[in-house]
Amino acid sequence: IAKKDGENRFRFYNEELNKEITEYFDNMKMIIKALEEKRFVFYLQPIYDTTTLNVTGFEALVRINHPEKGIILPVKFIDIVEKSALLKDFEKYLFEMIVDYLKKMYSVFNCYYNIAINVSVNSFKTKDILLYAKNIPQELIRFVNIEVTERVFAENTEDIIYVLNELKSLGFTIEIDDFGTGYSSLSYIEKIPTDIIKIDMSFVRKINQCSKTKAVVKTIIELAKGLGLKTIAEGVETAEQYNILKALGCDFVQGYYFAKPLSLDDVLSYIKEKKHIS
Ligand code: C2E
Ligand code: MG
Ligand code: MG
Ligand code: MG
């Protein structure tokens with residue numbers, strides 16, 4: 001009986017493994033095809049000044065516009081891309097695409113909006129981000145914010161600081177994403193060249209229920225102010241969360257309560273509508 005169980009277990013793991021491998025290769029094929037056919041698109045989520053609720057810019061969030069499956073979210077592909085040799089082509093492409101989006105918005109509104117682009121940790125480690133960044137036309141650099149997750153500081157902090165300084169001297173605005181979830185050592189925050197801290201949505205989600213979370217967020221905002229940095233709260237889903245963040249002095253807000261990430265067409269009509277109202 002023992003032997004039989006063992007065999008069953010072996011077969012079970014084999015099937016699981018097979019399924020995983022098949023899924024991985026299917027996703028990989030889908031990503032390669034998406035690159036070849038230029039099926040990556042950005043959805044843009046508006047970011048608002050907390051006090052005026054004016055749109056001050058957008059975060060660009062990548063999706064695959066799949067011919068049969070529709071819009072595919074990053075959870076399905078971003079890890080695979082980041083760990084593969086496709087990353088270079090992928091990020092190079094996204095940096096070209098951001099320029100298109102800026103120009104398209106300009107052609108409609110006659111002004112540029114700030115757009116933040118997420119960059120993978122690996123492109124910081126390899127410094128490839130500097131190559132992509134240098135492809136952005138000089139006059140557009142000040143409208144591009146570069147987001148990097150706080151986890152980037154888990155290792156090689158000196159190298160990362162070098163890259164951030166280069167980006168800043170080129171004129172980019174730097175945002176530390178998912179703040180409070182990664183390395184989270186107070187000793188690094190004063191050393192890193194950054195402009196904006198994005199308060200992770202895991203805090204925002206609990207801010208109206210948990211006084212300790214509220215205290216943490218209050219401290220992050222005060223810390224940022226003390227260092228001359230701005231704060232964006234992400235994942236704001238309710239009026240209550242918004243009101244607390246406003247009272248705490250958070251500079252900008254972003255989240256489903258205000259708007260979901262929108263296709264470029266939807267962004268264009270959204271802004272037009274907002275302008276009619278105000
Ligand atoms: P992130 O940069 O922290 O982006 C925020 C995520 O939260 C986005 O998910 C956004 O759609 C979602 N979100 C915004 N507001 C709310 C809200 O009120 N409630 C909830 N529950 N979610 C909200 P998305 O677009 O699925 O992206 C997930 C992650 O994938 C991003 O997290 C980022 O780490 C990565 N990612 C997205 N686009 C890119 C990209 O172009 N390049 C790279 N390297 N990574 C990207
Ligand atoms: Mg982000
Ligand atoms: Mg992130
Ligand atoms: Mg984030």
Side-chain angles (χ1 to χ4, degrees), residues 31 34-35 38-48 55 57-65 70-84 86-101 114-126 128-129 132-133 144-152 173-184 194-208 217 220 231-242 244-245 250 252-264 266-267:
I31 295 163
L35 270 172
K38 300 195 189 308
R39 292 195 178 277
F40 285 103
V41 292
F42 282 133
Y43 270 41
L44 303 173
Q45 188 175 31
I47 293 166
Y48 305 80
V55 174
F58 299 87
E59 177 174 6
L61 295 154
V62 72
R63 278 102 180 80
I64 293 174
N65 190 358
I71 294 295
I72 298 175
L73 294 173
V75 279
K76 294 272 182 208
F77 59 85
I78 204 80
D79 273 0
I80 298 177
V81 172
E82 288 184 353
K83 289 185 184 119
S84 77
L86 297 172
L87 183 63
K88 281 176 197 264
D89 285 343
F90 173 77
E91 288 207 314
K92 185 167 177 278
Y93 182 66
L94 295 195
F95 269 82
E96 287 162 12
M97 199 158 73
I98 203 95
V99 174
D100 283 349
Y101 276 60
N114 268 292
I115 302 184
I117 182 168
N118 291 278
V119 178
S120 76
V121 168
N122 264 329
S123 298
F124 272 84
K125 286 187 189 163
T126 59
D128 285 342
I129 166 74
Y132 317 136
V144 178
N145 296 13
I146 291 182
E147 283 193 18
V148 63
T149 176
E150 191 196 31
R151 284 190 310 280
V152 78
T173 299
I174 309 294
E175 303 183 8
I176 305 302
D177 205 352
D178 313 317
F179 189 81
T181 62
Y183 190 51
S184 286
T194 185
D195 305 283
I196 296 172
I197 283 176
K198 295 195 79 169
I199 302 168
D200 193 69
M201 69 177 102
S202 57
F203 297 107
V204 174
R205 190 165 298 143
K206 291 190 293 180
I207 201 171
N208 49 329
V217 172
I220 294 174
T231 45
I232 302 178
E234 59 180 0
V236 182
E237 291 184 352
T238 68
E240 203 185 349
Q241 291 164 353
Y242 163 64
I244 294 170
L245 289 159
C250 183
F252 305 102
V253 283
Q254 172 185 5
Y256 293 172
Y257 177 61
F258 306 100
K260 291 201 166 180
L262 306 165
S263 69
L264 181 60
D266 286 346
V267 163

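All ligand and atom numbering here is 1-based and tracks the order in the structure. Here the structure is a predicted model, which is why all the values come from computation and not from measurement.
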*Y256: ring-ring contact (aromatic ring centres under 6.0 Å, His included) partners, not counting sequence neighbours*: none
*In terms of atom number and element, which parts of ligand 1 are under 4.0 angstrom from non-hydrogen atoms of D178?*
3 (O)
*Subset of ligand 1 atoms that lie under 4.0 Å from at least one heavy atom of G255*: 15 (N), 18 (O)
*Strictly under 2.8 Å, is any N, O or S atom of E59 next to the Mg ion (ligand 2)?*
yes
*Which atoms from ligand 1 have a heavy atom of Q45 less than 4.0 Å away?*
14 (C), 15 (N)
*Heavy atom of R63, distance to ligand 1 below 4.0 Å*: yes
*asked:* Less than 6.0 angstrom separating the ring centers of F258 and Y242, yes or no?
replied: yes
*Can you tell me if an N/O/S atom from N118 lies under 2.8 Å from the Mg ion (ligand 2)?*
yes
_Mutual orientation of the aromatic rings belonging to F40 and F90 [parallel < 30°, tilted 30-60°, perpendicular > 60°]_ = perpendicular
_Options E82, M201, R151, ranked by nearest heavy atom to atom 6 (C) of ligand 1, top entry_ = M201
_Below 4.0 Å, non-hydrogen atoms only: which portion of V81 touches ligand 1? Side chain, backbone, both or neither._
neither
*the Mg ion (ligand 4) - closest N/O/S atom in D177*: OD1
*Examine E234 and say whether one of its N/O/S atoms is closer to the Mg ion (ligand 2) than 2.8 Å.*
no
_I need the atoms of ligand 1 closer than 4.0 Å to a non-hydrogen atom of L94, numbered in the order shown._
41 (O)
*Among F90, F40, Y256, F42, which residue places a heavy atom closest to atom 17 (C) of ligand 1?*
Y256
*Looking at V236, which atoms of ligand 1 are within less than 4.0 Å of one of its heavy atoms?*
18 (O)
_E59 near ligand 1 by a heavy-atom separation under 4.0 Å_ = yes
*Do Y132 and K88 have side chains that get closer than 4.5 Å, going by heavy atoms?*
yes
_Please give the atom name: the N, O or S atom of D178 nearest to the Mg ion (ligand 4)._
OD1
